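These figures come from a predicted structure and were not determined experimentally. All chains are named by letter (A, B, ...) in the order of the sequence lines, taking the proteins before the strands, and each is independently numbered beginning at 1.
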There are 2 protein chains.
Amino acid sequence: MSIAEPLLDSCAGATPCDCRHGHATNGCEDCKVRLFSVCAALESSELEELDRISQAKQVPARTTLFEQSALAGSVFNVTDGVVRLYKSLPDGRRQIVGFALPGDFLGLALQDRYGVTAEAVNAVAVCRFARSAFLTYVDGKPHLLRRLHEFAGHELSLAQDQMLLLGRRTAEEKIAAFLLNMQTRYARIGSVSVTVPLPMSRQDIADYLGLTIETVSRTLTRLAREKVVLIVPDGVRLLDLERLRLSGAS
Amino acid sequence: MSIAEPLLDSCAGATPCDCRHGHATNGCEDCKVRLFSVCAALESSELEELDRISQAKQVPARTTLFEQSALAGSVFNVTDGVVRLYKSLPDGRRQIVGFALPGDFLGLALQDRYGVTAEAVNAVAVCRFARSAFLTYVDGKPHLLRRLHEFAGHELSLAQDQMLLLGRRTAEEKIAAFLLNMQTRYARIGSVSVTVPLPMSRQDIADYLGLTIETVSRTLTRLAREKVVLIVPDGVRLLDLERLRLSGAS
DNA sequence: GCGCAGCATTGATCTGCATCAATGCGGCCG
DNA sequence: CGGCCGCATTGATGCAGATCAATGCTGCGC
């Protein structure tokens, strides 16, 4: 899955960039921007331009990138770490609507105001674009705008999958779907490890899945007891993918 | 709220069309298309063009407009009745992700395949556009594409509100939010009645809110007993808005 | 008017997950 | 090294909402 909000997901078929030669492909070390997704839509010259208007920034763990309903001044590209996006109720109940992983964008809906709050889960690196500069950049590139719109549609579809999960799935199904989803997303950005990193806290997972921290913990321990997963520091190793898919299948 | 999926919401500030004179505004009787939303983005000549490529169609209650993951051949504009949009699990559990009211669009994400199934709740009238014709129409109108993208962002935000509702709200809060939301949406399309129409079944409401039919029924009767609402045939009259907002506030 | 089909309501009971309450377990600071 | 502090785990108990089960209501075909 991916990030909800004005953010863009890594696209399904994209392969991580391995460029070491100029700007021929996306996300090389010379570039600040990191794209596993918008790839196909960008020419190398365009990427250079995008890079020129970007500004790399380090964000310490637990700091806020932007707040819900604040004026949307920036568009972000996450290059390292994990960002949580959430909405809250006045009494403090919180729903995390997505986790942004490296390669994901925030604020791409280009709305006037942010629809969610974005906080760094761990130490995060981002590329920041002034919204106005980004708008200028996008304007006059109809193919890009078109691509952006396609992405938005994809985001919407993912949000609807999450609605199905929140409204109709059991705790175990939620956890299974979450783990499989995180695995897919990390695989996409080049993590070949069998172990799925889970940098976010149990509370974050609970708030993402509409559960409590205790239920998340219990469900994970049960899956571990049944040898479906192995719990390791800051992550989970998936042992029985079949069994997980049985619960978590879309 | 509004429809999720590749559909567009009536925009917040739009007023219903009252045109009786050519195509100067949107949604007049001469036009087939009905727009309470995309209004501002369309010139009268453009509306005429849009109208020309559209085809009015009657859809009997309980029939399917399109199915999830089918090739997205058409874009629809609902002109009368209510359409439910949903995703299902293999075992039959269903999550309704939105109800499309008159003025709403379906398939506007312009993806290759539909992300949800769309079914007429009652007798529905739509305007159909061939996706290809719609794409041709949109291409070369960057301002329209831009507007479409803005709408998509708004849809996403609504989807995230629904996630918060599904994951973190109680049954009563869900019902209250739903009623207030339906009231707002009907008011927007010109229904001045204090009574909110609820053409969908209790099962539909349950599948929209992540509840069971019994809980929906019980919660409504309790609200009626407490004089917060009055249950009438095919709808509900909201008596104590303050009390409802107390529960259903965003 | 009768009977039936398809909802909606209502009641009794059950249960999955929440809540409440310890206890454990690193990591970090002094 | 010891004592917190912030999380995670684990256990006991509670309860909101699910499930099971009638019963009622309304419209429709005959």
Side-chain angles (χ1 to χ4, degrees), chain A residues 60-62 82 84 89 91-96 119 121-123 165-179 197-226 229-236 247, chain B residues 60-62 82 84 89 91-96 119 121-123 165-179 197-226 229-236 247:
Chain A
R62 305 164 153 279
V82 175
R84 60 176 167 244
L89 253 16
D91 65 3
R93 282 176 288 175
R94 182 179 74 151
Q95 179 68 41
I96 292 184
E119 272 176 16
V121 166
N122 46 14
L165 179 143
L166 289 168
R168 287 298 180 222
R169 300 185 102 138
T170 65
E172 180 175 319
E173 291 173 328
K174 287 175 176 183
I175 295 282
F178 173 67
L179 294 178
L198 296 178
M200 67 290 290
S201 70
R202 295 289 190 259
Q203 185 63 66
D204 285 339
I205 300 176
D207 284 347
Y208 181 57
L209 300 176
L211 298 171
T212 59
I213 187 175
E214 293 95 332
T215 300
V216 171
S217 188
R218 272 188 255 271
T219 307
L220 280 174
T221 355
R222 185 155 44 73
L223 289 175
R225 199 162 46 234
E226 294 169 4
V229 302
L230 178 66
I231 299 169
V232 298
D234 298 314
V236 161
S247 293
Chain B
R62 304 163 154 279
V82 175
R84 58 175 168 247
L89 253 16
D91 65 2
R93 281 175 288 175
R94 184 179 72 151
Q95 178 68 42
I96 293 184
E119 273 176 15
V121 166
N122 47 12
L165 179 142
L166 289 168
R168 288 296 181 222
R169 300 185 100 136
T170 66
E172 180 175 320
E173 290 172 330
K174 288 176 176 183
I175 296 282
F178 172 67
L179 295 178
L198 295 179
M200 67 292 288
S201 71
R202 296 288 189 258
Q203 185 63 65
D204 285 340
I205 300 176
D207 284 348
Y208 181 57
L209 300 176
L211 298 170
T212 59
I213 187 175
E214 293 95 334
T215 300
V216 171
S217 188
R218 271 188 256 271
T219 307
L220 279 174
T221 21
R222 185 155 43 73
L223 289 176
R225 200 163 45 236
E226 294 168 5
V229 303
L230 178 66
I231 298 170
V232 298
D234 298 313
V236 161
S247 294

Practice item. Looking at every strand, decide which applies to B:Thr221 at a 4.0 Å heavy-atom threshold: base, sugar-phosphate, or nothing. Key: sugar-phosphate
Exercise for review: With heavy atoms under 4.0 Å as the rule, sort B:Ser201 into base, sugar-phosphate or nothing.
Suggested key: sugar-phosphate
Point to revise | d(CG, B:Asp207; C1', C:dA8) in whole Å | key: 15 Å
Review point. A:Leu198 versus A:Asp204: any side-chain heavy-atom pair under 4.5 Å?
Key: no
Check your understanding: Just how far, in rounded Å, is P of D:dG17 from CG of B:Leu209?
Key -> 12 Å
**Study point:** Contact under 4.0 Å: B:Arg62 side-chain N or O vs C:dC7 OP1/OP2
**Key:** yes
**Study point:** Residue that, paired with A:Met200, satisfies side-chain contact (heavy atoms from CB on, under 4.5 Å) out of A:Asp234, A:Ile205, A:Asp207
**Key:** A:Ile205
Exercise for review: Look at the side chain of B:Glu214 and the base of D:dC20, then say whether one donor and one acceptor between them are separated by less than 3.5 Å.
Suggested key: yes
Practice item. Kindly check if the number of other-residue, nucleotide or ligand heavy atoms within 6.0 Å of CZ (A:Arg222) is above 12? Key: yes
Practice item. List the atom of B:Ala206, the atom of B:Thr212, and the distance in Å for their closest heavy-atom pair. Key: CB-C, 3.5 Å
Review point. Would you say the side chain of B:Arg218 and the base of D:dT19 hold a donor-acceptor pair, judged only by whether the two atoms sit under 3.5 Å apart?
Key: yes
Review point. OP1 or OP2 of D:dG17 less than 4.0 angstrom from a side-chain nitrogen or oxygen of B:Thr215, does that happen here?
Key: no
Check your understanding: B:Leu220 near the nucleic acid: base, sugar-phosphate alone, or nothing, with a heavy-atom cut-off under 4.0 Å?
Key -> nothing
Review point. Does a side-chain N or O from A:Ser217 land closer than 4.0 Å to OP1 or OP2 of D:dT10, or not?
Key: no
**Study point:** A:Leu198 CG to D:dC7 P, straight-line distance once rounded to whole Å
**Key:** 16 Å
